[in-house]
Amino acid sequence: MKIMQNRMDRGFQRYQKEYEEKALEVLRSGWYILGKELEAFEKEFADYTGAEYCAGVACGLDALWIAFRVLGIGPGDEVIVQGNTYIASVMGISINGAVPVMVEPDEYYNLDASKIEEKITERTRAILAVHLYGQASQMDQICRIAQKYHLKIVEDCAQSHGACYGGKMTGTFGDAGCFSFYPSKNLGAFGDAGAIVTNDPDIARKVKIFRNYGSEKRYHNKVAGANSRLDEIQAGLLRVKLRHLEELTREKEEICREYLSGISNPAILLPKVRAGATAVWHQFVIRCKERDRLQAYLKDCQIDSIIHYPIPPHLSEAYQYLGLKKGSLPITEQYADEVLSLPLYNGMTPEECRYVIDCVNHFR
Ligand SMILES: *Cc1c(COP(=O)(O)O)cnc(C)c1O
């Protein structure tokens, strides 16, 4: 049985008629940028997360750097972020000229809150909490530290649509919650898209101005902004998918429950969910000391897997200027050497799931 690590065709086919009708409706409307679909999506997504406001932008990376920009974080400022994130989190900070300060992750692959305070200096302005792989970070501790040191909180929710901590949705704890709707994300569009949610009307207004060349009124530019708009077709298609998100999330949860109860191999460490947190399972990430051999073995079984992520940002060529050598973040580096994401997608059949479990269990 050939199994892809991720596939989006089955998720599309399930609601194909609704997507096609919406795409045609927008095409025929004659209005393609900053219109009623985006406005409706912003309202519906804000309602979904429990935030007061939502502003659509062109992608998740834009959501991150624009959030830091409107918060006034730039050159001379430091932002705390976990070492083991996708590099876009770090770029959201560095694009603004601010310095990313990496902290080691905890056993749930999120920012280790107990290691934040030792990295705080007089230049620290914010904490970026990445809810990696779909599990909410330890937000009570992170909020407590932010309050104590008067730091902003930005959340990278690119992988955590719908995940909660203490019953509250990720993206609503801090000053800005940044979402990506890249096609493979839990709430994925059919192209690039992103959004910022916030409870602060001033931040929401600033983002909406910034994303449109810094203008609220056409040709009256308040700031040197960007072109970062979520287009009408993507907004419309996201509205369709948002209606089904709960069901899509439940389905992924079910597959992961099968994995968690079915996989039993002393060479493999399964993911855990923190008490008080929920996971929406963007990825199902296992660990193995002989990860590369496991991946090759699975490939022989015709099972694709992906490493999220093989090179931690501080060891990438892009961030050599930070001067963080190999060995400076041992836990982050260990995870990069050991993690492997098993196949997981909407529309995965019980037979496919069973086959993955059997193969993983037979790895010696
Ligand atoms: C996908 C992702 C991003 C970037 O989103 P894009 O829409 O691809 O720009 C940022 N952070 C994390 C954690 C991501 O997974």
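In each ligand, atom 1 is the first atom listed, and ligand 1 is the first ligand listed. Computation of the quantities below employed the complete heavy-atom set of this structure, encompassing side-chain atoms and omitting hydrogens, waters and symmetry-equivalent molecules.
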Colleague: If you measure every N/O of D192 against every N/O of ligand 1, is any gap under 3.5 Å?
Modeller: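 Between D192 and ligand 1 (N or O atoms, distance only) the closest approach is not under 3.5 Å.
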
Colleague: Out of A158, G92, C157, A63, who gets a non-hydrogen atom closest to atom 3 (C) of ligand 1?
Modeller: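 That would be A158.
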
Colleague: Look at atom 1 (C) of ligand 1 and say which protein heavy atom is nearest, naming residue and atom and giving the distance to 0.1 Å.
Modeller: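 Checked against all protein heavy atoms, atom 1 (C) of ligand 1 sits closest to K185 NZ, 1.7 Å.
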
Colleague: So which heavy atom on M169 is nearest to which on C164, and how close?
Modeller: CG-SG, 3.8 Å

Colleague: Between the side chains of R211 and E42, is the shortest nitrogen-to-carboxylate-oxygen separation below 4.0 Å, so that they form an ion pair?
Modeller: yes

Colleague: Could you go through the salt bridge (charged side-chain N to carboxylate O under 4.0 Å, His left out) check for K17 and E21 one step at a time?
Modeller: CA-CA 6 Å; K17 199 158 168 296; E21 278 171 5; 2.9 Å; yes

Colleague: Using a 4.0 Å cutoff against the non-hydrogen atoms of S180, which atoms of ligand 1 qualify?
Modeller: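 In order of number, 5 (O), 6 (P), 7 (O).
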
Colleague: According to side chain to side chain contact (heavy atoms under 4.5 Å, CB included), who are the partners of I116, at least two apart in sequence or on a separate chain?
Modeller: I80, L111, A113, I120, I127, I142, I145

Colleague: Please determine if Y86 has a nitrogen or oxygen closer than 3.5 Å to a nitrogen or oxygen of ligand 1.
Modeller: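 In fact, backbone or side chain, Y86 has no N or O that close.
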
Colleague: Could you tell me whether some N/O pair between G60 and ligand 1 is separated by less than 3.5 angstrom?
Modeller: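 N/O-N/O distance below 3.5 Å exists for this pair.
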
Colleague: Which of the numbered atoms in ligand 1 are below 4.0 angstrom from a heavy atom of C59?
Modeller: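 Checking each atom against C59, I get 7 (O), 9 (O).
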
Colleague: Please tell me if the side chains of Y335 and P312 come closer than 4.5 Å, counting only heavy atoms from C-beta onward.
Modeller: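 They are not in side-chain contact.
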
Colleague: Show every donor-acceptor pair shorter than 3.5 Å between a side-chain atom in residues 175-192 and any protein atom, with sequence neighbours excluded, or say none if there are none.
Modeller:
unit_1	atom_1	unit_2	atom_2	d
D175	OD2	I153	N	2.9
S180	OG	Y182	N	3.1
N186	OD1	K252	NZ	3.1
N186	OD1	H282	ND1	3.1
N186	ND2	V280	O	2.9

Colleague: Atom 9 (O) of ligand 1: which protein heavy atom is closest, and how many Å away?
Modeller: L61 N, 2.8 Å

Colleague: Suppose we measure from atom 4 (C) of ligand 1 to each protein heavy atom; which comes out shortest, and what is that distance?
Modeller: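 Looking at atom 4 (C) of ligand 1, the protein heavy atom closest to it is A88 CB, 3.7 Å.
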
Colleague: What residue and atom, counting heavy atoms only, is the protein's closest point to atom 11 (N) of ligand 1, and at what distance?
Modeller: D156 OD2, 2.7 Å

Colleague: Do Y165 and D140 have side-chain atoms, one donor and one acceptor, less than 3.5 Å apart?
Modeller: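 Side chains of Y165 and D140: pair found under 3.5 Å.
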
